[in-house]
2 protein chains.
Amino acid sequence: MTEVAQESPEPVGRVARKRGRRIQQILAVAAELFGERGYDAVNLDDVAERLDVTKGSLYYYFASKDELAAAAIETLGSDWTDRLERLPAGAEGPPTARLRALIREHVAIAVREYPAALRLFLVPSTWPDALRVRITELRRRHDHVFRTVLTEGIDRGEFRVVGLGSTLQAMHAAMSQAPLWCAGLGEDEQERALDELADTLMKLVA
Amino acid sequence: MTEVAQESPEPVGRVARKRGRRIQQILAVAAELFGERGYDAVNLDDVAERLDVTKGSLYYYFASKDELAAAAIETLGSDWTDRLERLPAGAEGPPTARLRALIREHVAIAVREYPAALRLFLVPSTWPDALRVRITELRRRHDHVFRTVLTEGIDRGEFRVVGLGSTLQAMHAAMSQAPLWCAGLGEDEQERALDELADTLMKLVA
DNA sequence: CCAAATATTGACTCTCGGGTCGAAGTTTGC
DNA sequence: GCAAACTTCGACCCGAGAGTCAATATTTGG
């Protein structure tokens, strides 16, 4: 269901691996474009062209635009979410330090390596229904990471929040829009901007 | 340039007024749809259908989809922005009270009466170039309102912020996503949610 | 080296939706 | 009541882009 159009009795030889690599190449390009432009504005000829291939080839691997987009979002989003979940910052130590590091690293990674991914969260309604479900799931996972640290900090008395919901909502919102905010800044300015943003968001739990 | 397709030597009689009303009706529907779905996903047949009219009629008043969308955004956005700029909360009094009221009222109005408008700010890149300019201008005006109160509060020593930029960015981001957050809540819950959000955002300047 | 499996092509179809326009219907002002 | 102005209709054109497919090229394993 996740990616390939044809389902074969999965022969795991050289061939299958090559096929897998090709799919990864396609997904990488697709993810970039879908993230940049949104669903409607991407056309498959463009995707194909970037791969020096024709549209027909895409349909050899994916049954439809929807399926390609779904798979692309899947990789884009889950790579990124996996990474968030495994951030050492999220692991242990006092909640204050953890949260600060979590915010800072998460945003840095997002802005640098997945500038497109955050778009997914901004206007879910522009994506086909099937994709929205996946997006919601990803969002839930992100939420969970931050919620965990937050509740722990609150329990320990390190954090004082007005409300868990609004705090999470404000944090996610601000982080989602960070790439937009950072767009057009130089390396250093960007670093400083992200530091500032992280510090600002920490005030929400101060 | 703003709205009508044909430019006449503006006869300001009954006819012109009627025409004006019709245009307003069209814009109201268009604004709602464009705000809800974004530019691409709206098709003019849908807009026409909601008005119990055919597409041809729309083209009698507007030269193109772009122009209709531009005019729709114009009304949607400028009504809303005018209102923000004129909020009594923004006028005088101690910055703390003003900012809190400003946030609270602004979000309430946005969620209740302009649920679609905020979408404009979320992903500007999905709109045609001409519209992006207008959107940017609106955003600037919103920014200005909050920036004014913030700087005053800082000068007076009432506010302590990490940085003006990141504070504004975080506030705008959170407010922009409020409708998404409030979607599906009942009247009362919504009120409480918005109160909570406003209080949470006040922590950014505490 | 050859046949079978795999991958790619490019020309094709088809639908959707923006945009046009002359004819028909309605309103206005005299 | 009637001509002129204004408004609406709906059939039509057209380009863009999703999706198809038989033919062709390439790779693989024996």
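Computed from heavy atoms alone, side chains included, the values below leave out hydrogens, waters and symmetry copies. A note on names: the letters A, B, ... follow the listed sequences, proteins ahead of strands, and every chain is numbered from 1.
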Does D/dT7 have OP1 or OP2 sitting under 4.0 Å from an N or O in the side chain of B/Y60? yes

Protein-proximity profile, nucleotides 16-26 of chain D, B/S/- by nucleotide at the 4.0 Å heavy-atom cutoff, equals -SBBB------

Residues two or more places apart in sequence or in another chain: which of them pass salt bridge (Lys or Arg N to Asp or Glu O under 4.0 Å) with B/R37? B/D46

Take the protein atom CZ of A/F62 and the nucleotide atom P of C/dA7, then report the distance between them rounded to whole Å. 13 Å

Tell me the interatomic distance from B/D52, atom CG, to D/dG10, atom P, rounded to whole angstroms. 12 Å

Nearest to the side chain of A/T54 - D/dT8, D/dT27, C/dT9? C/dT9

Among residues at least two apart in sequence or on other chains, which ones pass salt bridge (Lys or Arg N to Asp or Glu O under 4.0 Å) with B/E189? none

Please give, in whole Å, the distance from C/dA5 P to A/K18 NZ? 17 Å

Rounded interatomic separation in angstrom, taking CG from A/L51 and P from C/dA7: 15 Å

In whole angstroms, the gap separating P of C/dG19 from OH of B/Y61 amounts to 19 Å

For A/F146, all residues meeting ring pair (Phe, Tyr, Trp, His ring centres under 6.0 Å), sequence neighbours excluded: A/H106, A/H172

Interatomic distance where CG belongs to B/L68 and C1' belongs to C/dG17 [whole Å]: 14 Å

Would you please test A/R140 and A/D143 for side-chain contact (heavy atoms from CB on, under 4.5 Å) and show each step? CA-CA 5 Å; A/R140 214 194 45 71; A/D143 194 70; 5.5 Å; no

Under the salt bridge (Lys or Arg N to Asp or Glu O under 4.0 Å) test, residues paired with B/D52 that sit two or more places apart: none

Regarding the side chain of A/R19, the nearest nucleotide among D/dT7, C/dA7, D/dT27 is C/dA7

Applying salt bridge (Lys or Arg N to Asp or Glu O under 4.0 Å), can you list everything that pairs with A/D199, at least two apart in sequence or on another chain? A/R100

Would you say C/dT6 has OP1 or OP2 under 4.0 Å from some side-chain N or O of A/R22? no

